[in-house]
Amino acid sequence: MVNIVSFNINGLRARLPRLLEFLEREKPDIVCLQELKGEPDALPTDQVEAAGYKALWHGQKGFNGVAFLSRGDGDLKLRRAGLPDDPAPEQARYIEAEAHGLIVASIYLPNGNPVGSEKFGYKLEWMARLEQHAAALLAEERPVVLAGDYNVIPEDRDTFSVKAMAHDALMQPESRAALRRIVHQGWTDALRQVHPDDDRLYTFWDYQAAAWPRDAGFRIDHFLLSPQAADRLAGAGVHKWARGEEKASDHAPVWLQLHDA
DNA sequence: ATGACTTCTCTAAGAAGA
């Protein structure tokens, strides 16, 4: 069994104690991190390595930043940092590696707010580039896991309030259509596949307006599996408990289990 | 509501997040 976690930590410096506790408790084989908010040199990677993980980083000062952690001495080989033809390559939003016989990507997709701004256009352009690259990955006919914070609420039932989010970039028809175009290439949304009837399957709760105690969340962190990975799907879920910890990220870690090949 | 909360950083009130 291979255990994979994707976690938008919202600042590695601020979240390091929570991350180290999480690694000790769950001991996942592969961790895909997003929103490091720091350059690799400024980050305490030695403590992560002391916890038993090898790391691969693609970071920048202050914003964005994605990484992998791989447990033990297992292979962890970089395939690429950044998307092909990335419209803003200085933004560290994509890293892809080979680990445990899988191709894995850690994705931090642009937020895109406010709608109608340059940022929204950048989001859609970035998603078009991801669509192209995802098609190339599918063509390899290998087990591939595209993990991360997609900043897209796939369906109305994936948010606590359609009305509250109606004007948000995360659930605009264009954002959803762009995600659907990728999924319809042949990817499996693992969390929805495993929990087809859960209408409170959330991965994010805002810090504001008592969103967490009200369970006013939405689902924006996703695992997309190639057919060769989906055939091995054993389980998937949300580590919701982590959102209730002191000094928690506003995202909960999401997890995926794949049977051995 | 030019807010709320939390992170980062040019450590102030600001930018950005979602």
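Please read these numbers as outputs of a predicted model, since none were measured by experiment.
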When you compare [N] with [M], how far apart are their [atom1] atoms, in angstrom units rounded to a whole number?
N: dA16(B); M: dA1(B); atom1: P; answer: 23 Å
N: dC10(B); M: dG3(B); atom1: P; answer: 23 Å
N: dT9(B); M: dC5(B); atom1: P; answer: 22 Å
N: dA15(B); M: dT11(B); atom1: C1'; answer: 14 Å

5'-most contact on DNA chain B (nearest-nucleotide basis), A248(A) vs G112(A), goes to A248(A)
Residue closer to the 5' end of DNA chain B, G62(A) versus N8(A) (nearest nucleotide) =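 The 5'-side residue here is G62(A).
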Partners meeting ring-ring contact (aromatic ring centres under 6.0 Å, His included) with W205(A) (sequence neighbours left out) | W212(A)
Check ring-ring contact (aromatic ring centres under 6.0 Å, His included) between F204(A) and all other residues, then give those that pass, not counting sequence neighbours.
-> F218(A), H251(A)
Partners meeting side-chain contact (heavy atoms from CB on, under 4.5 Å) with [X] (sequence neighbours left out):
X: A67(A); answer: L33(A), L36(A), W57(A)
X: F22(A); answer: V5(A), E26(A), P28(A), H239(A), W241(A), P253(A)
X: P87(A); answer: Y122(A), E125(A), W126(A), R129(A)

Mind pulling the stems DNA chain B is in, i.e. runs of at least three Watson-Crick or G-U pairs, everything under 3.5 Å?
->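 Stems (3+ consecutive pairs) listed as B:5-8 with B:14-17.
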Using a heavy-atom cut-off of 4.0 Å to chain A, what are the terminal contacting nucleotides of DNA chain B, in 5' to 3' order?
-> dA4(B) to dA18(B)
List in chain and number order the residues that pass salt bridge (Lys or Arg N to Asp or Glu O under 4.0 Å) with E174(A), two or more places apart in sequence or in another chain; answer none if no residue qualifies.
->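 Counting only residues at least two positions away or on another chain, E174(A) forms no salt bridge (Lys or Arg N to Asp or Glu O under 4.0 Å).
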Report which part of the nucleic acid [X] touches: base, sugar-phosphate, or nothing (heavy-atom distance under 4.0 Å, all strands).
X: N111(A); result: base
X: K123(A); result: nothing
X: A14(A); result: sugar-phosphate

Could you check which residues of residues 146-164 of chain A get a heavy atom under 4.0 Å from DNA chain B? Sort them by number, please.
-> D149(A), N151(A)
For residues 83-96 of chain A, pull every pair meeting salt bridge (charged side-chain N to carboxylate O under 4.0 Å, His left out), keeping only residues two or more places apart or in separate chains.
-> R79(A)-E96(A)
Output the rest of the hydrophobic cluster of V115(A): all Ile, Leu, Val, Met, Phe, Trp and Tyr residues reachable through side-chain heavy-atom contacts under 4.5 Å, sorted by chain and number.
->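 So far as hydrophobic clustering goes, V115(A) is joined with F120(A), L124(A).
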Set of side chain to side chain donor-acceptor pair (under 3.5 Å) partners for Q185(A), sequence neighbours left out = W187(A)
Is the closest side-chain heavy-atom distance between D206(A) and D250(A) below 4.5 Å?
->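 The answer is no, as the side chains (C-beta and beyond) never meet within the 4.5 Å cut-off.
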